[in-house]
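The basis for the numbers below is simple: all heavy atoms, side chains too, and nothing from hydrogens, waters or symmetry mates.
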Amino acid sequence: QVQLVESGGGLVQAGGSLRLSCAASGRTFSNYAMGWFRQAPGKEREFVAHISRNGDSELYADSVKGRFTISRDNAKNTVYLQMNLLKPEDTAVYHCARARGLIPATYEAAFDSWGQGTQVTVSS
């Protein structure tokens with residue numbers, strides 16, 4: 001079973017930026033597409049972004065399109081989420097996840113391994 005560990009969260013003012021990282025264990029990282037989800041207090045977990053296994057295809061939620069960028073470095077077994085122009089409504093715990101298959105998906109059941117998450121708080 002792969003282990004996923006997120007880092008890079010924190011407190012930032014509205015309009016600021018953060019870069020999240022997710023380090024994966026094991027030697028098969030490049031075989032899997034990856035995604036980011038987030039869960040705000042009192043809300044269900046929602047899809048944020050997806051990246052193909054070789055990084056040539058990306059998919060974003062409408063709420064973050066144009067502000068967030070997902071990327072990966074297969075040599076480092078790491079996936080990133082660059083977040084710019086942050087808004088208070090981006091406040092949430094952000095989780096990375098490993099996809100089961102290769103077709104881009106936005107629902108939780110399409111992912112089989114999850115990290116514990118990193119807190120992002122955006123103040124107004």
Side-chain angles (χ1 to χ4, degrees):
Q1 184 77 352
V2 67
Q3 287 191 319
L4 302 173
V5 180
E6 302 94 337
S7 61
L11 174 64
V12 63
Q13 289 189 331
S17 298
L18 282 174
R19 187 175 86 151
L20 306 183
S21 299
C22 171
S25 65
R27 300 183 177 182
T28 60
F29 178 74
S30 61
N31 291 344
Y32 294 91
M34 298 292 295
W36 285 94
F37 285 73
R38 67 186 182 186
Q39 186 167 20
K43 295 187 177 181
E44 300 207 346
R45 190 153 54 184
E46 65 175 1
F47 169 77
V48 175
H50 174 284
I51 189 166
S52 61
R53 57 182 178 174
N54 61 5
D56 65 348
S57 176
E58 301 160 26
L59 179 67
Y60 297 95
D62 288 343
S63 59
V64 307
K65 201 172 295 183
R67 300 188 297 122
F68 290 12
T69 303
I70 188 171
S71 62
R72 66 189 296 161
D73 185 339
N74 286 343
K76 295 182 178 180
N77 279 17
T78 302
V79 61
Y80 304 97
L81 186 68
Q82 177 67 44
M83 306 186 295
N84 298 328
L85 299 175
L86 282 161
K87 305 175 181 179
E89 51 263 45
D90 294 319
T91 295
V93 176
Y94 284 71
H95 300 267
C96 67
R98 188 182 73 175
R100 296 180 187 276
L102 302 180
I103 298 174
T106 64
Y107 54 96
E108 290 187 49
F111 296 81
D112 64 359
S113 298
W114 297 82
Q116 291 298 308
T118 185
Q119 175 71 48
V120 171
T121 303
V122 184
S123 63
S124 57

Pairs flagged by salt bridge (Lys or Arg N to Asp or Glu O under 4.0 Å) wherever residues 4-13 is involved - sequence neighbours left out: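 Salt bridge (Lys or Arg N to Asp or Glu O under 4.0 Å) check on residues 4-13 returns no pairs.
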
Pair listing, salt bridge (Lys or Arg N to Asp or Glu O under 4.0 Å) test, anchored in residues 102-124, at least two apart: Arg45-Glu108, Arg98-Asp112

Set of residues satisfying side-chain hydrogen bond (donor to acceptor under 3.5 Å, both in side chains) with respect to [X], sequence neighbours excluded:
X: Thr78; value: none
X: Asp90; value: Arg38, Arg67
X: Asn74; value: Arg72

Point-to-point distance, once rounded to the nearest 0.5 Å, from CD of Gln116 to NE2 of His95: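 Here the interatomic distance stands at 8.0 Å.
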
Rounded distance [0.5 Å steps], CG in Leu81 versus OG in Ser21: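 If I round to the nearest 0.5 Å, the distance is 9.5 Å.
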
Listed pairs under 3.5 Å, donor-acceptor, residues 117-124 side chains, sequence neighbours left out:
residue: Thr118; atom: OG1; partner: Gly9; partner atom: N; Å: 3.1
residue: Gln119; atom: NE2; partner: Ala92; partner atom: O; Å: 3.4
residue: Gln119; atom: NE2; partner: Thr121; partner atom: OG1; Å: 3.3

Taking every non-hydrogen atom, the tightest pair across [X] and [Y]:
X: Ser17; Y: Leu85; value: OG-N, 4.4 Å
X: Leu4; Y: Ala97; value: CD1-CA, 3.9 Å
X: Ala33; Y: Gly101; value: CB-O, 4.1 Å

Heavy atoms of other groups near Gln3 CD, more than 12 under 6.0 Å: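 Open.
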
Other residues, nucleotides, ligands: >12 heavy atoms within 6.0 Å of Glu89 CD: yes

Verify same cluster id: Val93, Leu86 (apolar side-chain graph, 4.5 Å):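 No; tracing contacts between hydrophobic side chains, which count when under 4.5 Å, never links both residues.
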
Single-linkage hydrophobic cluster Ile70~Leu59, side-chain heavy atoms < 4.5 angstrom: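 No: no chain of side-chain contacts under 4.5 Å links Ile70 to Leu59.
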
Counterpart residues, salt bridge (charged side-chain N to carboxylate O under 4.0 Å, His left out), relative to Lys65 (two or more places apart):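 Salt bridge (charged side-chain N to carboxylate O under 4.0 Å, His left out) check on Lys65 returns Asp62.
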
Under 3.5 Å side-chain donor-acceptor pair for Ser71 and Gln82: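 No pair is found: no donor N or O on one side chain lies under 3.5 Å from an acceptor on the other.
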
Inter- and intrachain pairs under ring pair (Phe, Tyr, Trp, His ring centres under 6.0 Å), touching residues 52-87, at least two apart: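 Qualifying pairs: none.
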
Ring pair (Phe, Tyr, Trp, His ring centres under 6.0 Å) pairs, two or more places apart, involving residues 31-59: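 Ring pair (Phe, Tyr, Trp, His ring centres under 6.0 Å) check on residues 31-59 returns Phe37-Phe47, Phe37-Phe111, Phe37-Trp114.
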
Pairs satisfying disulfide (SG to SG under 2.5 Å), at least one member in residues 43-87, at least two apart: none

Disulfide (SG to SG under 2.5 Å) partners of residues 5-114, not counting sequence neighbours, each pair once: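 Qualifying pairs: Cys22-Cys96.
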
Transitive ILVMFWY cluster of Ile103, excluding itself - 4.5 Å side-chain cut-off: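 Members alongside Ile103: none; it stands by itself.
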
Donor-acceptor contact present, side-chain Arg19 to main-chain Gly8, <3.5 Å: no

